[in-house]
Student: 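Submitted below is the structure of interest, expressed as structure tokens.
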Amino acid sequence: MIKTLRLRALATVLGVALGLGAVGVVHAAGEAEPPIAVDWSFSGPFGRFDRAQLQRGFQVYKESCAACHGMELVAFRNLADPGGPGFTEEQVKVIAADYTIEDGPDDLGDMFERPGEPKDRFPSPFPNENAAAAANGGAVPPDFSVIAKARAGGTDYIYSLMVGYEDEPPAGVDVGDKYYNHYFPGHAIAMAPPLFDEGVEYTDGTPMTVDNYAKDVSAFLMWAAEPKMEERKRIGFQVIIYLILLSALLYFTKRKIWSAIDH
Amino acid sequence: MSPIPSEKYVPQSAFMKWMEARLPIWGFLYPTAIAYPTPRNLNYFWTFGGILSFCLVVQIITGIVLAMHYTANVDMAFNSVEHIMRNVNYGWLIRYVHSNGASMFFLAVYIHMFRGLYYGSYKAPREVLWILGVIIFLLMMATAFMGYVLPWGQMSFWGATVIINLVGALPLVGDWITTWLLGGFAVGNPTLNRFFSLHYLLPFMIAGVVILHIWALHVPGNNNPTGVSVKTKQDTLPFHPYITMKDAFALVLFMILFAAFVFYAPNILGHTDNYIKANPLVTPAHIVPEWYLLPFYAILRAVPSKLGGVLLMFGSIGVLFILPWLDTSKVRSGAYRPLFKQFFWIFVVVCLGLGYLGAQPAEGGYVIAARILTTMYFLFFLAVLPLLGLFEKTKPLPNSITESVLGKNGGGGMAGAAASGATAAPESKA
Ligand code: HEM
């Protein structure tokens, strides 16, 4: 299945190489259902993140996920980096100060706690994996730094997972004390549904539905996993245009040189 | 069948005369890289050697930069790669060029090898050239396998575990090699450290073998699509500017494909599980190697015995070493061998099929298919090639490269006469 996914994606790349620029939607299967294909603002060769969506996604992460999922590779200052959610330096300081960071040792050799600063990374909610597992019925909530690249289907999968819960498992299926989800491999997931309508207070008028929360947090996680995506696509465009022009020049040079030769 | 000797370099300026009397580097390079006579009828499949050299240089340069920021320690390797992606200036670019560069390298080497197979480039007098190529291929596989372990993701760890366990199946030396590779009882920190060290070393060994490979090329000269040896100077063109320009054009096309992967789909060829930190306690649902090793992985799992699988896998590459003596046909080029041509394409499909099966779980119909294709793989070398040479009725060969070229173009424009305007055309100077 992963193979079909890769082949399809490969075809996509060849399409880009030919200048067609179409980006197919990636599916993954397994025992779980293939994830729902979402039309992301960041897909395709010219795709960009939607700043407002990333800011909302960050809010969802902070209020609904951060209690269980860390993001140890992302620093608060990254929230103001170009190509990201576009918070201002001031906003980042405020966001960081909301978190408590353990620092030290101080001059007396003691660890101490202080408010977060932009240079700090997002703190992990549990001191270690055992503590995380103990608090979550034996399952460890994965760190979010690269989660959008660490699952087949990427953001489509995360979105689908968020909207794929079922109150009751289908007849004949027993999930024990876990929850039934259409898209999770094996269907029984230890994470309780984390999102509810009206659960996060949006201030920009976006309807406060699970569907929107799911999309926004997925987009945010894509940025967290691939913070240089916009720069990458921009440079890529320049590189490919340059190479195409160069190849044209070389083609005509080569043809000129060979024109007098039978070959 | 002595090849056409390269034109010698005669220094003109006073400085070059002075220099050549002390270090005759241009006297070495001129006949090797400028005047070197190449058959005039080479097609675009002959541009992949240059492309491969480019790939090696790209891997070495990006690799050295990565190594400046990478930490070979089981607790830090994964995060150090992410540090490269996030905090090092253009680190994402360097890493994506290196990781996709490995795939591009293999894409190019496979085209290069199938080219050699089709046009009989392994036959006398190019046996040593071919064998050196197979050695490069083996070194590339070892390098890529160890490189894939370095980011210390789930596939890194479990891929290494599976492959090293299999080596343990070898009689007598198995245990010894396993311990030597692991540096302990399981894949762990010592393994990662030695893999990093070897991953840094092997590309330079590849570079060394590449030099021998090119040396061995320049003695008999290039093969060509007709397989007919170069007979007169008229059959050839100087490497520069004819081949250099053609190679440059092909290389830039290849770079466009390369860039499409690096900038628009940098993770498509990798496995998502490798973005999960290695965890010795959690086995991934399917352990698969990188795409370029899949055909060999399929052969490895085709037989129920561990040892049998390992032997078959090494055998599938080992057979390439004796290929020059397995093919009994006097005719080099597949273009003049109607039956060989058909078997060749079947063989290509068999290899692609094995690649597909390498990505599937080793169960049910997949295993049966893998057995059939593995058998076909070996039959091609061990039965088809030896027998075809004895029974095949080949098409008549052209008398010379020049004749084949003129024939194709309806004899128009007399090779020698038409080219006499081009200053560098050898026949005009002959
Ligand atoms: C024959 C040439 C080479 C091949 C085929 C090759 C292949 C690979 C592969 C497949 C990876 C894993 C990529 C990933 O998933 O991140 C890798 C990683 C790495 N390679 Fe190489 N490599 C080559 C040459 C080199 C050289 C010459 C160096 C250093 C001098 C080097 C240093 C590294 C480092 C530090 C990593 C780990 C960083 C990373 O994973 O991105 N490589 N290599």
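Numbers restart at 1 for each chain; the letters A, B, ... are given by sequence-line order, proteins then strands.
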Student: Which heavy-atom pair separates A:Met229 from A:Arg48 by the least distance, and what is that distance?
Tutor: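 It is CE-CA, 4.4 Å.
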Student: Quick check for you: among B:Asn87, B:Val252, B:Asn43, which has the greatest number of heavy-atom pairs under 4.5 Å with chain A?
Tutor: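 Top option by heavy-atom pairs under 4.5 Å: B:Val252.
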Student: Below 4.5 Å from any heavy atom of chain B, which atoms of A:Ser247 appear? Answer side chain, backbone, both or neither.
Tutor: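 Both backbone and side chain of A:Ser247 come within 4.5 Å of chain B.
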Student: Flag the one option from B:Asn79, B:Leu93, B:Leu253 with the top tally of heavy-atom pairs under 4.5 Å to chain A.
Tutor: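 With the most close heavy-atom pairs to chain A, the winner is B:Asn79.
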Student: So for A:Ala148, is it side chain, backbone, both, or neither that comes closer than 4.5 Å to the heavy atoms of chain B?
Tutor: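 Neither part, no heavy atoms under 4.5 Å.
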Student: Using the side chain to side chain donor-acceptor pair (under 3.5 Å) rule, take B:Thr47 and B:Asp247 through it: C-alpha gap first, then chi angles, then the decisive distance, then the call.
Tutor: CA-CA 5 Å; B:Thr47 61; B:Asp247 275 1; 5.0 Å; no
Student: Passes side chain to side chain contact (heavy atoms under 4.5 Å, CB included), A:Tyr183 versus A:Tyr159? Steps please.
Tutor: CA-CA 10 Å; A:Tyr183 303 97; A:Tyr159 165 80; over 6 Å; no
Student: Below 4.5 Å, heavy-atom pairs only: which of A:Leu246, A:Leu250, A:Leu249 has the largest tally toward chain B?
Tutor: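 Most heavy-atom pairs under 4.5 Å with chain B: A:Leu250.
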Student: Between A:Tyr242 and chain B, with a heavy-atom cut-off of 4.5 Å, which part of the residue counts as in contact: side chain, backbone, both or neither?
Tutor: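 Interface part for A:Tyr242: neither.
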Student: Among B:Pro398, B:Pro39, B:Ser333, find the one that has a side-chain contact (heavy atoms from CB on, under 4.5 Å) with B:Thr226.
Tutor: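 Going through the options one by one, the only one that passes is B:Pro398.
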Student: Quick one: pull up OH in B:Tyr275 and CD in B:Glu82 and give me the separation to the nearest 0.5 Å.
Tutor: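 It comes to 6.0 Å.
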Student: Select, from A:Lys254, A:Glu72, A:Arg232, the one with the greatest count of heavy-atom pairs under 4.5 Å involving chain B.
Tutor: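 Option with the top pair count is A:Arg232.
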Student: Heavy-atom pairs under 4.5 Å with chain A: which of B:Trp92, B:Tyr96, B:Phe258 has the most?
Tutor: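 The answer is B:Trp92.
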Student: So what's closer than 4.5 Å to chain A heavy atoms on B:Phe254: side chain, backbone, both or neither?
Tutor: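 Contact with chain A involves no heavy atom of B:Phe254 at all.
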Student: Indicate the ring-plane relationship of A:Tyr61 and A:Phe58, choosing parallel, tilted or perpendicular according to the 30° and 60° boundaries.
Tutor: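 Taking A:Phe58 first and then A:Tyr61, their aromatic rings sit tilted (interplane angle of 30° to 60°).
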Student: For A:Ser259, is it the side chain, the backbone, both or neither that has a heavy atom under 4.5 Å from a heavy atom of chain B?
Tutor: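 Neither part, no heavy atoms under 4.5 Å.
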Student: Keeping A:Asp156 on the side-chain end and A:Pro35 on the backbone end, is there a donor-acceptor pair under 3.5 Å?
Tutor: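 Absent.
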